[in-house]
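Chain naming here is simple, since letters A, B, ... match the order of the sequence lines and numbering starts at 1 in each.
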Protein chains: 2
Amino acid sequence: MGLSKTAAFSTEQNRIAELAKALAHPARVAIIQHLLKTKACVCGDLVDVLPLSQSTVSQHLKAMKNVGIITGSVEPPKVCYCLNMEVLREFTAAFGEMFSRCC
Amino acid sequence: MGLSKTAAFSTEQNRIAELAKALAHPARVAIIQHLLKTKACVCGDLVDVLPLSQSTVSQHLKAMKNVGIITGSVEPPKVCYCLNMEVLREFTAAFGEMFSRCC
DNA sequence: GAAATTCATCGCAATATTACGATTATTAGG
DNA sequence: CCTAATAATCGTAATATTGCGATGAATTTC
């Protein structure tokens, strides 16, 4: 029917999938990489860096913010985006734990 | 227009996104977890374990096989699926490297 | 050769994602 | 108050994903 049967899976499985989805697009990867590089918060120069329109970038940022992997703080008239280290640790922990036994 | 502008991003960014996409669905996570648990190869009992139809499971397996994160070897009339440790290492390396500096 | 088993693939429907331009807040500065 | 700057949201269109039942291919067993 086209809808992801999230209800049929565990909370953990859904969370892991959600975290993975936050990086499951090259633009999202590029955003993360840029935020890592510029260390300090960055705002709409993401639009300059990415080969996408302002509205599209804004949508990606919203999606990533919903998952929690980035945060956005208003600094009128700009918005400053940062990586959420808490969630990055959650990410590495989840996958690290998952694959620790085998490789 | 709805198409992922993959051409506008680097090969590395696309590969990372691809790897993430392989885990960006709870069913895929469940498949990985089950393959980790049963260590040895598993076949169609994935269908018994997952709350999805045979055809849907087959599709997920195909997608994951395309990314390379699992392999399937024919053992008539069954097909035996295994994790590809090579690609799992690629996965952990990619994200480990990415986040090594910050957390 | 006729079932039975196992899995891939096809065809379809529903929903999600990606992308953009245009519009709408919000706020700073004149 | 008017304008410029910034970013979110809306509306729309195209494409991708998810899911299932039905069908098809390969192979074993009887």
Residue whose closest nucleotide on DNA chain C lies nearer the 5' end, B:Val47 versus A:Ser55
B:Val47
Specify the residue among B:Val57 and A:Thr56 whose closest nucleotide of DNA chain D lies further upstream toward the 5′ end.
A:Thr56
Could you tell me whether the side chain of B:Met64 reaches within less than 4.5 Å of the side chain of B:Ile32, counting heavy atoms only?
yes
Are OP1 or OP2 of D:dA26 and a side-chain N or O of B:Lys78 less than 4.0 angstrom apart?
no
What's the CG-C1' distance between B:Asn66 and D:dA16, to the nearest Å?
15 Å
For the pair made of NZ in A:Lys21 and P in D:dA16, what is the distance, rounded to whole Å?
17 Å
Do the side chain of B:Asn84 and the main chain of B:Thr71 share a donor and acceptor less than 3.5 angstrom apart?
no
In whole angstrom, what separates B:Lys5's NZ from D:dA14's P?
16 Å
Tell me whether the side-chain N/O atoms of B:Tyr81 come closer than 4.0 Å to OP1 or OP2 in C:dA8.
yes
Expected output: side-chain B:Glu97 to main-chain B:Ala94 donor-acceptor under 3.5 Å
no
What is the distance, to the nearest angstrom, from the CG atom on B:Leu50 to the P atom on C:dC7?
13 Å
Sub-4.0 Å heavy-atom contacts from residues 24-32 of chain A onto DNA chain D, ordered by number
none
Salt-bridged, A:Arg15 to A:Glu18, with N to O below 4.0 Å?
yes
If you find the nucleotide of DNA chain D closest to A:Thr6 and the one closest to A:Val79, which residue's nucleotide is nearer the 5' end?
A:Val79
Spacing between A:Lys65 atom NZ and D:dA7 atom P, to the nearest angstrom
11 Å
Under 3.5 Å: donor-acceptor pair, side chain of A:Arg28, backbone of B:Ala17
no
Please determine whether any donor N or O and acceptor N or O are separated by less than 3.5 Å between the side chain of A:Gln54 and the base of D:dA8.
yes
Which part of the nucleic acid does A:Leu52 contact within heavy-atom distance under 4.0 Å: base, sugar-phosphate only, or nothing?
sugar-phosphate
With side chains defined as the heavy atoms from C-beta onward, is the minimum distance between B:Thr56 and B:Ser53 less than 4.5 Å?
yes
Over 12 non-hydrogen atoms of neighbours within 6.0 angstrom of NZ in B:Lys65:
yes
Residue B:Ser58, side-chain atoms from C-beta onward, closest of C:dA8, D:dC20, C:dG21
C:dA8
Any donor-acceptor N/O pair, A:Asn14 side chain to A:Thr6 backbone, under 3.5 Å:
yes
Integer-rounded Å distance: C:dT18 P and A:Leu23 CG:
12 Å
Rounded to whole angstroms, how far apart are NE2 on B:His60 and P on D:dA16?
17 Å
No-H, no-angle donor-acceptor pair, A:Gln59 side chain to D:dA8 base, under 3.5 Å:
no
Please give, in whole Å, the distance from D:dC10 P to A:Lys62 NZ?
7 Å
Looking at D:dG19, does its base get a donor-acceptor pair with the side chain of B:Ser53 below 3.5 Å?
no
